[in-house]
Structures are given as structure tokens and as C-alpha cells.
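Shown next, in C-alpha cells, is the structure this report addresses.
Note that the numbering runs from 1 along the sequence shown for the chain. In this text, all values refer to a predicted model and were calculated from it rather than measured experimentally.
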Amino acid sequence: MIAPGVSSSAICLRCRLRLLRQSSQPFHASSRIFRLQHPGLRRFATESPARAVDPDRVVEGQGHAPGSEEQAQDGSPGSRENQYGAKRRDVRKRRLSRNRILTEDAQNLESDMLGKPASVIVMRDGGLYRKKGPPLAPDSPESEPDNQPTDIEALLNSQREPPNPEEVRENIDGLRPKTEKALSEREFRKLQSLLTDGFLSAQLQDYLDYLDESSHADTKLSDEKDPASKYGWIREISPWVPLTGQSGDVVEGIAPSLYGYVTDSTTAKDKLAIRIMRECWGLSMAELDAGLGETRLKIRAHEFILLMRGTQRWVTVMGKIWLEPGEKIEAFRNKNTLRLVTTKTKAATLIKDLNTTLNQVTTMSFAVNLVTSKPIDDAVLEEVGRITNTHIRRSHSLRRLHVTWIELKKRASKGLLGLEDLRQVVFRLLLTAYTPQPATTATLRAAGQDEGVTGRFITDMIDKEKLGWKDRMGQWARYTLPLTLEGGDSEARSPLERLELPVKREAVPPKFDENKEFFPDTPFPVHPVKWAEDLQVSTKASFGYLLHAHEPSTSPPPLPNLLAANHPRVFVPITPHPLHLAKLEAIGNEAANGLVQTKTTIVIRFWPSPAGGDQQEMARNVVTPPAPLLELRLATSDGEIKGIESVRAIKQTRITDVMLPASLVDLRYTQAQYAVLKGDPGKLAAWQPLADFLEPARLDLAHGKFEVPPHQRFPIPRRLFNYDVGLGPNTTTNSSELIKTSYTFVGLEIHRSVSMPYEGFRLTYTSIDAKLGRGRRAEISLDPGLESEVSTIGENTDKLHRDFLATCQNFARTDALWSGYLATRRGP
């Protein structure tokens, strides 16, 4: 060590170099002085890492020296510091190391270092550290101690008193979450534990009973019961409950609100707590809400019927849009209930969409007397509702029918306004079912009735799909005779000598140019065309079964009485075996150089609109104007409508049914007397009444979508009426006078036909799609053909008449055509 009083000459060279090196580093040499001049600054590199407990700092020149607690050897405190003239700061500080208190202290070493007294810092143990809480300030002056003796007995008695029920209910309600309804499973179970640990079972049951008896509607699953009160079509709705395990049915003895939240091992007290959380507070587990669950909707009768009609459009569409694998919508028809198996969020979405759908329900009505004066059976109304996807009910007065259906929004958005709605569809179906076709007469003939052989009625069970919608509801039977030996002559004589109207070949209709527009952009003239002066007659022979109404309790009358009585009957067309049709086509090709024609025609039919006097009397007097029937035929090509083929005003129709009991089929002759609307197709399309009808119509042949206006007015010449309107049948007046007559659209059919020559006549196979009226059917028919197909110069009309009847009868009696076997029986 170098003493401060030694001269420089006495210092060795080595020590001189050390002092010189220290003087060249003033920052390091003065670091100790820096610390003495700024005792408040902390140097993390030289101090202890322990945390300071005492925030005060010792400033140089204040406090005691480091060795003040111990006396120097000479008995005078701080003699070393005074001897050398050095001042030291008091480093006694309290530090916290983990949970121990350490106190810094300075200890002299009684030696010198670098000419100064040497000392060390010592950390002394101050014991364990204990936090001291803030003093409790009294909340009120009454809480301050009053130095009064405590009444222990009164305190114990006050604790023995049971709590007030209102106070208990208030405490339970204080645990209810204010905002959150879907809790995590951990939060849900934690809240359940608070209820079970903090309250007695009787207190929890009292809370439930209080809410059940009170009118606290907002505390009872308000979020799940809102749909029932908000939507009038809901009779009853069950809360959404999760599906667990292997079955979706609710376990017997457990409330639906607890399903998925309790198990067989759940205690009664836990069930009370969960009931409060589920039924009173509407809480649920987010994990269960994200899984599959079910809710049941009991819907009003007529809304439920609308949803279930036909293809169940809403159920089908919602299944395609929303439902994922495992999710489904089930319907229970006997309970008017829908079961939604989805997630909780999706169930609410489906209910909202269902409400939007049912808000589009439309109800309209019409008078029953416009259809029939007889009561309409409930089964008939139910069948019509099933066909049209509607719900039909009678009014209280039984004079009107109310038709209810779901109106689609997109119908109006597509501009389909002014077209036939479902009320008018129901009206025309009932009209055609209960009202006989105007200006139509029918007669019945039978072959073999004089042979003394008794036949029987055989119930038909396989051809109902070819009947009209109302006829499909009844039982029908065909009259047949026992089989006879081959070559028998029981039907050698024809039962029919002549038809009521003459048999003629039809005139060739005018050709239309497919390149012309269907609706030309020219102003519509009022009458660019006119009705033909001469009437034409069309004759067609159809082959099939003549079926008579045959109820199990009442059989048809005997054959003689059946011919005289007006017993209900229908005609079901049938077709020969396809192999035989192919042979006929080959024969026709060889004989007539392949004159086989195929075409597709849309046939639209109109009836005169029914009218009457005062509505109260219309039930007894429904008047149908004696106007002719109208038939509009549209020509098509390559799946598109090309133009108007013809417009016919049918003045009268004659139907002659011929029963052939000994043959496999019967005959029906249909003759129509009509006038055509003359003009080329371009002028027909520009005729104002047809333009008004066809322009708004939706005729999509490719997709099978057809919608047309329900009514249209047409000018009809007076001569085409069955008698003069308003004048009587014997009054003479201008027969060419046009009378604007209101017509009702009664049906649309698509005819796809193949025609070929057959023994001087025309044989036609036709596939008919009649939509709602009579479904789909196929028929084979014979007609005299067109004038251009054969040479009519010098043709005897009587001979044509006889030959046509004979050809039709022979075709019907050729058993090989209808049964498939090769035996042939031909009449003379």
C-alpha cells in the first residue's frame, strides 16, 4: 500500500507507473467520488440485487458513519474517519429477498486500502416479511366501538332466526348473469355449485314455486318462448333441447328443459339448481348449443295442411338450403307438428323463415253455385286441395268456398301478374268435374245383346291413372261376355249403322311460316280475321274400355236397363302392343311411301263462363250461355312454340259409345261440328283477343311450365250459338253479328302424335299430357283423314261412312292387337 505522506522520491518505479495509469483514466478514478457526490443514484452493477424495502436514501453528510454502532479501539466513535478526514454515508438499508428482510450494514476492516480505511458491506437477517393490511375505517358512526359489553346471548339468538324468504329469493336472483345467456360448461357448473352450496333445497324450490305462481314472464325462458307469442300460427312450441346418447327422444321422467344437462346420478338438489338456471334464467351451455338438438312446433290446422300439400315445397327447399348431414325436418300429420333436428341457432332461423313463408298465405273465395247446385263432398274438396296444394273449406253459410294457399313472392317479381291463381284453378277443376260439357250429347250402344248370353261386370283396378281426378275416386267396371270359340259370329252384325253426324274428311289447315314471329310488332287490328261461314265435322274413333260406375254395395243395372238409363260411365283409352304398332307402321310405309307424320300440338280449351242472376238465387239457377266451345291449337317445333295452328268454335259435340262385350276393347266415336277462324297464322296471332290472352301467358314447353289468364272475351258470331241469345230459338236476326262472350280457361293438353295411313284412313297414336285435369295417357284413334291425303273426286260419302265404321269395328275386334298373342278373329 502507498501511504499518503510518502514523498515521490521514495516511491518505486512500479508504483509510479500504477499511479500514472490511474491518472490517465479520470472516469474510473472519480467513480467513487461520483458516488459520494450523488448518493441518490443507484448503480445496478455494484449494488445488491435485493429489493429495497425502505425507500429513503442517506445523503452524504447526514446520518451516522458506517462504524457508529461499534466503538473504535480507542473508545471514541468514528476515530478512523476523523483521523483520516474521510466521511462515509450510512448504507444501512432494508432489503427484501423472497420472504426474508435483510438490513445493509457497514463493517470496518481496521486496515487501509490504497491509503484509505477499508470497510465492507454486511447483509444482516431481519426476520420474515409480513404484509400489513390497511386499517379498517368505520363505514358509519354506529360501527365505531362504544366500549359497551357485547351481549353474546342476543347475538346467538339473532343467528338462530331463519332468513326472510324475500331476502333469500333476492340473494338467489343476485347470482343471475345480467347479459350472458350461453355460458361455457365450466362457468355453468360453477354457477350451479354456487346455488347448491349457498342455499338449501327448500329455498331453491321456493324460488321455483314463486316464479311459477307469479306473473314474471320475462324470467321464464323469454328468449325461447317469444316465437309462440309473436307468431300467431304457432299453437305450441317446445324449448330447444340438445340430443344426447343414441336416441333423440326425451327420457321419461325428466323435463325437456333438463335434457342433456342432468344424468341418472344427478341429485335432486342439483336438478333444482339446473331448473332455475334453465327454466327461470334461460341459461345454456355453449357446447350443447353448438350440437344437434330438437324443437317441436304445433301449428294451426290450415297452415300445417298447406305445408304438407303436394311436394311439401317448404320442407324440401329448407332441407336443400340449410340442413346438413344428421339434420332433418319431420312432420307428424296426426298432431299438426313439425320436429326440427338442428343446432339451436339454425332452429331459430328455420322458424323465422317459416314465419316469412306463412305470411304469404292468401285466401280467396267463390260462390259454390257457379260450379254446381248439389252439395260438394268433403272427400272431393280434400282431393282438389291435394292436387292444387291448397286448403279448401266452406263458409258458415255453405254458399261459398274459401281457398287458401301460399303465394310465392317470385311470382310477382317475374311479372306473372294477371294469370290464373290457385283459386281459379280450383274453380275450373270443380267446374269441369260437376258440370257436363256444354253442347254435348252422348248415346250408348251394345253389340251381342240379342244372343241371349248373359255377361257380368268386371271391376277395373289398373287404369285409374288414365281417368280424371274426380273419376279416380270411384269404382268402375266393364261389362264383358264369356269367351267364345274362335270363329264365333256373336258380333258379326254391327250394333251401329250410322253416326249422328256425317263422316267427312277434314279440310287441310293453312300452313304457317316458322320463320315469322309469333307476336309481330304491328299494332293489333280489331278484326283482321273472320269466322268461316261453313261448318266442318271432325270424326274420331277411339279404342279402350267403357267403364260404368260400380259401387261395392250397388251393381250396375242389367244390360237392357243400362242402355236406357243414364248410368254414369267413363272411357279409358288403351293402346295396342308396341310390336304390333311397329308392324302397322311398316305396312303403312310400304303402302303409302312412308307417309308417317309426327307433330306436337298444345291444345287450349275454353268454356263459356257461367253466369246467373241474384247471388241468392244462383244456387238454383246457374245459367251457362249457349255459346260454342273454343279450342286453340298451337303448333310447336324443336321444343318451341312456332305459331297458331287453328282456332275452332265447336257448336256441338256428339259422342257415341259402342260396347263390345265379347271383344277386348270398346269403341267411342266423337264427332264435333265447328267453324274455324280463317286467316294466316300471322294474322291469327295479331288478333286482339288472342294477343291479349297469349302475351301475358307463360308457355314453357321445354320445362313443362304453363300459366295463362283465367278469362278472356272473344267475339263470336250469333250463328254459332245453339240459339239466338236473348231472342229465343225461333227468332231470325243477323247471323253474322258478333257477340262478345266471356270464356273461362278449363284446361291445357300437350299432344305428341304419330300418324300413318291405314286401309284408306288415318291411324294416329297420341301421347297426351293433360296436367292437372287427367294426368298422362296414350290413345290410338282412327279418323277419315285430310282431303289432300286421298283423292276425294267422286268419293261416295255414304260408302265412306260405312267403310269407316266397318274398319273401326274390325280394328277393335282384332284380338292380337290388344292381347299380344297371334290369334286373329276378324268379322266379315
Verdict with supporting geometry, Ile644 and Leu634, side-chain contact (heavy atoms from CB on, under 4.5 Å)
CA-CA 5 Å; Ile644 296 177; Leu634 303 178; 3.8 Å; yes

Taking it one step at a time, do Phe804 and Phe761 satisfy ring-ring contact (aromatic ring centres under 6.0 Å, His included)?
CA-CA 8 Å; Phe804 179 74; Phe761 302 101; 5.4 Å; yes

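By the 6.0 Å contact criterion, NZ on Lys504 is open, its count of non-hydrogen atoms from other residues, nucleotides or ligands being 12 or less.
A side-chain donor from one of Asp353 and Trp314 sits under 3.5 Å from a side-chain acceptor of the other. For the 3.5 Å distance criterion, the side chains of Thr766 and Glu779 fail to qualify, holding no donor opposite an acceptor. For the residue pair Thr388/Arg309, the side-chain donor-acceptor check at 3.5 Å is not satisfied. Side chain to side chain, Arg654 and Thr441 meet the donor-acceptor criterion of an N or O pair below 3.5 Å. A donor-acceptor contact closer than 3.5 angstrom is absent between the side chains of Asn389 and Trp405. Side-chain atoms of His703 and Asp700 form a donor-acceptor pair, as typed in the model, at a separation below 3.5 Å. There is no side-chain donor-acceptor pair under 3.5 Å between Thr764 and Ser753. Judged purely by distance below 3.5 Å, without hydrogens or angles, the side chains of Ser542 and Arg668 never pair a donor atom with an acceptor atom. For the residue pair Glu407 / Gln360, no side-chain donor-acceptor distance below 3.5 Å is found, with atom types taken as modelled.
Close placement of the Phe714 and Phe606 rings is indicated, their centers lying within 6.0 Å of each other.
Note: Phe811 and Tyr758 have perpendicular aromatic rings, judged against thresholds of 30 and 60 degrees for the angle between ring planes. In this structure, His391 and His302 have parallel ring planes: the angle between them is below the 30° cut-off, well short of the 60° mark.
A cation-pi arrangement is found for Lys470 relative to Tyr434, the charged atom lying closer than 6.0 Å to the ring centre and inside a 45° cone about the ring normal.
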